[in-house]
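Following: one structure in structure tokens, then a few remarks.
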Amino acid sequence: MTDEHGPEQAAAGFREVYGAEPAGVWAAPGRVNLIGEHTDYNDGFVMPLALPHTCLAAAAPRTDGVLRLHSAGAPGGVVELRVAELAPVAGAATGGDRGGWAAYPAGVVWALREAGLLAGAAAAGGADLHYESTVPTGAGLSSSAALEVATATALNELYGLGLDPQRLARLCQRAENVFVGVPCGIMDQMASACCTEGHALFLDTRDLTQRQVPFDLAARGLRLLVVDTRVKHALGDGAYAGRRAACESAARTLQVRALRDVPIEELDAALARLARAGADETVVRRVRHVVTEDHRVEQVIGRLDAGDIRSIGPLLTAGHASCRDDFEVSCAELDLVVESANEAGALGARMTGGGFGGSAIVLVAEADAEAVSKAVTEAFGGAGHRAPRIFPAVPSAGARRL
Ligand code: GLA
């Protein structure tokens, strides 16, 4: 984050673009996920925490149904749309990303309109929005969710809708699923909307029950590092939809509503049943990942509730092995972070987010943070990879007005 990233700068940016004062500036953060990967679309458990990196939206309402969008970080100037004409591209819901950053905020307005929430003074649903973001893009740190949630939070207040953060997160997910065409789960939007400073968010993605779990790294002499590998593998998008489809088909075979309903005690029996039903060996491994990962979230919760952050390290590393071997969503660079960090004395490490590139997290004693960072960077150099970007994950606040 730079010193210049703040409400004053975003307001100044708004004035420059639109020649008027914004009505306010709203912020929504990116996130890392501590544990619980690829569990959210299986109705399972996740445990994200918000980063200090945010997307800021400076905004003002309009009454003529025109939506104007501008991002300091994107080329191409102001995007102008009519709220009444917003519509998802045919086939978008099956995974065809319609591309372009403006689809995310436009999708949020579309979702509000579709839900019948644009009424009274907000009936036409117009607005001017200017964005400035410090959430790294393409790094698996939920820059898209931050953009959606900043938009939803701003419009919620501008239009006086009175929606709670959970409802806003759901609308943002719908925007992304249907309007943008990315079949993501609910974790990222909930993290950006609901996280609180100093806590990880324990979320049951089936009913969105949530609990703020104290996560005071500094008090324990610990640090959680984010290692952005700066790689994004093209196969990621289609592969995410494929993983989701495999999980849903396995749930049907097992006659459960979602894989979340397979208890860890019944995992072996469920895997045997899948094999008997002729399921592919890869599907069997996908299921093993989801069920063991949900169990790891519960184990991590148990340790954090006991005030013991340090001992979650091996669970993080085990989660990585499961993502790598059973769910196959890791990549060479992410594996190298985990391996080199652990070799250099980290307490545990794992990929975070969707995978296929993006970022890993590393839990480390404060005293070892520098040596571990250096070891990871050197390992990347030795393997011929671009130097990773490494920074501490400080559990920060969710979406808010500044
Ligand atoms: C992406 C998706 C989330 C979640 C993670 C994997 O970040 O947006 O919904 O599925 O991948 O845990």
Side-chain angles (χ1 to χ4, degrees), residues 28-51 93 95 97 103-104 107 135-149 166 169-195 200-206 208 210 226 228-229 232-233 235-248 258-260 286 289-294 296-297 300 316 319-320 322-324 326-331 334 350-361 393:
R31 63 97 191 91
V32 291
N33 186 22
L34 191 58
I35 189 81
E37 221 63 84
H38 291 272
T39 49
D40 63 351
Y41 51 82
N42 292 295
D43 280 4
F45 306 125
V46 295
M47 233 191 141
L49 48 104
L51 293 171
D97 188 337
Y104 295 88
V135 187
T137 53
L141 300 173
S142 294
S143 60
S144 317
L147 175 57
E148 293 156 7
V149 173
Q166 184 170 315
R170 281 228 183 268
L171 287 161
C172 290
Q173 185 201 16
R174 183 161 155 75
E176 186 151 345
N177 287 169
V178 183
F179 194 88
V180 183
V182 177
C184 63
I186 189 72
M187 169 171 72
D188 304 344
Q189 292 78 9
M190 279 296 288
S192 189
C194 301
C195 279
L201 175 73
F202 175 42
L203 178 70
D204 180 336
T205 63
R206 168 160 281 167
L208 299 192
Q210 48 177 293
V226 180
D228 172 10
T229 63
K232 180 170 167 42
H233 293 273
L235 90 142
D237 297 345
Y240 184 92
R243 296 298 183 285
R244 194 172 171 150
C247 291
E248 285 164 1
L259 292 182
R260 179 271 177 70
R286 304 294 186 251
H289 166 72
V290 173
V291 177
T292 59
E293 184 78 351
D294 267 338
R296 277 184 289 273
V297 178
V300 165
L316 302 186
H320 183 77
S322 183
C323 283
R324 182 191 60 209
D326 279 352
F327 219 64
E328 296 180 280
V329 289
S330 187
C331 65
L334 289 167
R350 58 181 290 273
M351 55 159 275
T352 189
F356 305 108
S359 300
I361 51 172

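As the structure lists them, so they are numbered: ligands from 1, and atoms in each ligand from 1. In this chain, residues are counted from 1 in sequence order. On a predicted model such as this, the values are computed, not experimentally measured, just so you know.
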With a 4.0 Å cut-off on N to O distance, would you call Asp43 and Arg206 a salt bridge?
yes
Angle between ring planes, His38 versus Phe327, binned at 30° and 60°: parallel, tilted or perpendicular?
tilted
Numbered atoms and elements of ligand 1 in range of [X], under 4.0 angstrom, heavy atoms:
{"X": "Tyr41", "answer": "10 (O)"}
{"X": "Glu37", "answer": "6 (C), 12 (O)"}
{"X": "Arg31", "answer": "7 (O)"}
{"X": "Gly185", "answer": "9 (O)"}
{"X": "Met187", "answer": "4 (C), 5 (C), 12 (O)"}

Ile186 and Asp40 have their tightest heavy-atom pair at N-OD2, 3.3 Å
Between Glu148 and Gln173: side-chain donor-acceptor atoms closer than 3.5 Å
no
Taking atom types as modelled, is there a side-chain donor on Arg31 or Thr352 under 3.5 Å from an acceptor on the other?
no
Give a yes/no on ligand 1: does Asp40 have at least one heavy atom closer than 4.0 angstrom to it?
yes
Is there a donor-acceptor pair closer than 3.5 Å between any side-chain N or O of Arg350 and the backbone N or O of Leu34?
yes
Nearest protein heavy atom with distance in Å, relative to atom 8 (O) of ligand 1
Asp188 OD2, 2.7 Å
Output yes when the distance from some N or O of ligand 1 to some N or O of Thr39 is under 3.5 Å, and no in every other case.
no
